[in-house]
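Here is how names work: the chains are called A, B, and so on, in the same order as the sequence lines, proteins then strands, and each is numbered from 1.
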Protein chains: 2
Amino acid sequence: MSTTREPLSRERVVEAALAVIDRAGIQGCSMRAVAGELGVEAMSLYHHVPGGKDEMLDGVVAMVQAEFVESLDLSDEWRQDMGAFARAYRDALSRHPNVVAMIAARPSVAYRSSTVLVGSLFTSMEDAGFAREDALRAVRVVSRWTIGFTLGEASAVEDGESAGQFDEPLLVEVFTDIARGEADVFEFGLEALLDGLEARLG
Amino acid sequence: MSTTREPLSRERVVEAALAVIDRAGIQGCSMRAVAGELGVEAMSLYHHVPGGKDEMLDGVVAMVQAEFVESLDLSDEWRQDMGAFARAYRDALSRHPNVVAMIAARPSVAYRSSTVLVGSLFTSMEDAGFAREDALRAVRVVSRWTIGFTLGEASAVEDGESAGQFDEPLLVEVFTDIARGEADVFEFGLEALLDGLEARLG
DNA sequence: ACCTGAACACCGTTCAAGT
DNA sequence: ACCTGAACACCGTTCAAGT
């Protein structure tokens with residue numbers, strides 16, 4: 001431990017919270033634990049996150065979301081961009097599996113921090129010939145689907161380990177499959193969905 | 001309040017927990033609150049739910065899931081059954097919006113209580129000519145998609161009320177749309193996904 | 001057998017006090 | 001200005017004790 005007294009800040013608090021969540025889950029993310037991560041007392045956090053724990057967790061969601069948005073290159077070709085969006089989103093969420101459920105429960109925080117992205121996808125689709133209404137729906141369907149899929153995936157990993165406990169052969173098969181990883185199921189579903197959207201063009 | 005001393009049971013405890021969750025959310029579902037619902041002290045619950053709060057919440061998920069599975073009639077025609085499955089699932093989850101996030105975080109409990117259903121969908125698809133692998137994937141994709149969609153929908157209702165707070169016109173539009181209800185977005189996405197799956201036949 | 005009172009080790013948060 | 005000690009009102013859970 002260095003004695004350097006880097007001063008606390010909103011960003012450092014949120015970073016520490018993300019580190020604790022990645023390591024110990026949301027359950028383990030008490031104000032006291034985050035403070036401990038920073039070598040500080042719990043009460044100090046409130047000076048930088050006045051809204052308390054809720055604001056801190058909102059900050060964590062926004063940070064993960066921002067990481068992902070910045071990592072994404074768009075081409076203005078709707079199908080490619082939709083695919084890139086879904087795959088990059090899944091990648092980002094896989095790096096922080098314990099955050100996925102938080103994102104799912106805070107869609108407005110997620111939308112807010114990806115305005116540019118959603119807007120770009122939306123105009124790409126309109127340019128390609130989708131009805132305005134369908135473009136709006138499609139963006140929401142794909143982002144929802146990706147969150148939903150990754151959410152299940154995040155909690156399925158631990159469940160997969162107990163596949164043998166099922167007495168129904170089909171369930172054993174399903175959960176063994178899950179434990180092997182889900183990348184191909186994700187691709188299968190994504191392509192099916194994009195095919196279905198493409199059929200609605202014009 | 002009658003003085004009838006209907007004895008406590010596992011089922012009554014789980015029912016009371018569901019009632020509290022529907023009314024006050026998961027946050028409000030403390031052991032003390034559930035006990036209060038039953039006119040009993042918190043410590044009494046442990047005699048009927050030895051695993052404590054976790055087991056109680058698992059029971060709530062299983063109960064909502066069972067309600068839904070029992071309400072569903074299947075026809076053995078895969079596309080119709082997939083659609084009926086997704087729509088009935090969304091309906092059931094809409095009746096208990098505060099439970100949706102719990103289901104998303106407990107996929108194994110959900111699967112366990114719908115073995116028969118998953119098995120039936122699976123064989124319908126195989127009968128229709130889907131490869132075994134694709135049928136497995138398809139069942140998972142559709143159930144995930146439905147959970148993910150409904151999850152966002154459940155928390156979007158409250159978010160929709162604050163649509164005006166966004167400074168980006170597109171976001172205002174998106175969230176106003178959400179507040180109006182999402183049935184048509186659900187139908188749009190579901191039909192697109194089923195179209196995409198159908199294209200993979202044979 | 002079923003229920004409970006008191007207690008333990010936690011939690012988020014407040015607020016007056018320290019430097 | 002920034003941090004903290006002590007305290008408050010909660011929480012899940014244990015266990016010996018009551019009926």
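Nearest-nucleotide mapping onto DNA chain C: of A/Met31 and A/His47, the residue sitting toward the 5' end is A/Met31.
Below 30°, between 30° and 60°, or above 60°: for A/Tyr89 and A/Phe68 the angle between ring planes is below 30°, a parallel geometry.
Around atom CD of A/Glu11, no more than 12 heavy atoms belonging to other residues, nucleotides or ligands sit under 6.0 Å away. More than 12 heavy atoms of other shown residues, nucleotides or ligands fall within 6.0 angstrom of atom CD in B/Glu77.
Atom NE2 in B/His48 sits roughly 13 Å away from atom P in C/dA1 (whole-Å rounding). Rounded to an integer number of Å, the gap from NZ of A/Lys53 to C1' of D/dC11 is 12 Å. Look at CD on B/Gln27: it is 15 Å from C1' on D/dG12, rounded to the nearest Å. Residue B/Tyr46 contributes atom OH, which lies 17 Å from atom C1' of D/dA16 at whole-angstrom precision. The distance between atom CG of A/Leu57 and atom P of C/dG12, rounded to the nearest whole Å, is 10 Å. Note: CD (A/Glu55) to P (C/dT13) measures 11 Å, nearest angstrom. Atom pair A/Arg10:CZ and D/dC2:P shows a separation of 16 Å (rounding to whole Å applied). A/Ile26 has its CD1 atom 16 Å from the P atom of C/dC11, to the nearest Å.
For B/Met43, the listed nucleotide lying nearest its side chain is D/dT13; candidates were D/dT4, D/dT13, D/dC3. Considering only side-chain atoms of A/Ser30, the nucleotide from C/dG12, C/dT4, D/dT4 that sits closest is C/dG12. The listed nucleotides are C/dT13, D/dG5, D/dG12; the one nearest the side chain of A/Arg32 is C/dT13. Side-chain atoms of A/Leu8 lie closest to D/dC3 of the nucleotides C/dT4, D/dG12, D/dC3.
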Practice problem: Begin from the C-alpha positions of A/Val141 and B/Trp145 and carry the test side-chain contact (heavy atoms from CB on, under 4.5 Å) through to its verdict. | Solution: CA-CA 9 Å; A/Val141 163; B/Trp145 182 78; 3.9 Å; yes
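The partner of D/dC8 is C/dG12, judged by Watson-Crick or G-U wobble contacts that both fall below 3.5 Å. The pairing partner recorded for C/dC3 is none, the criterion being a Watson-Crick or G-U wobble arrangement whose two distances lie under 3.5 angstrom.
Test B/Asp22, B/Ile21, B/Ile26 against B/Val60 for side chain to side chain contact (heavy atoms under 4.5 Å, CB included) and you get one pass: B/Ile21.
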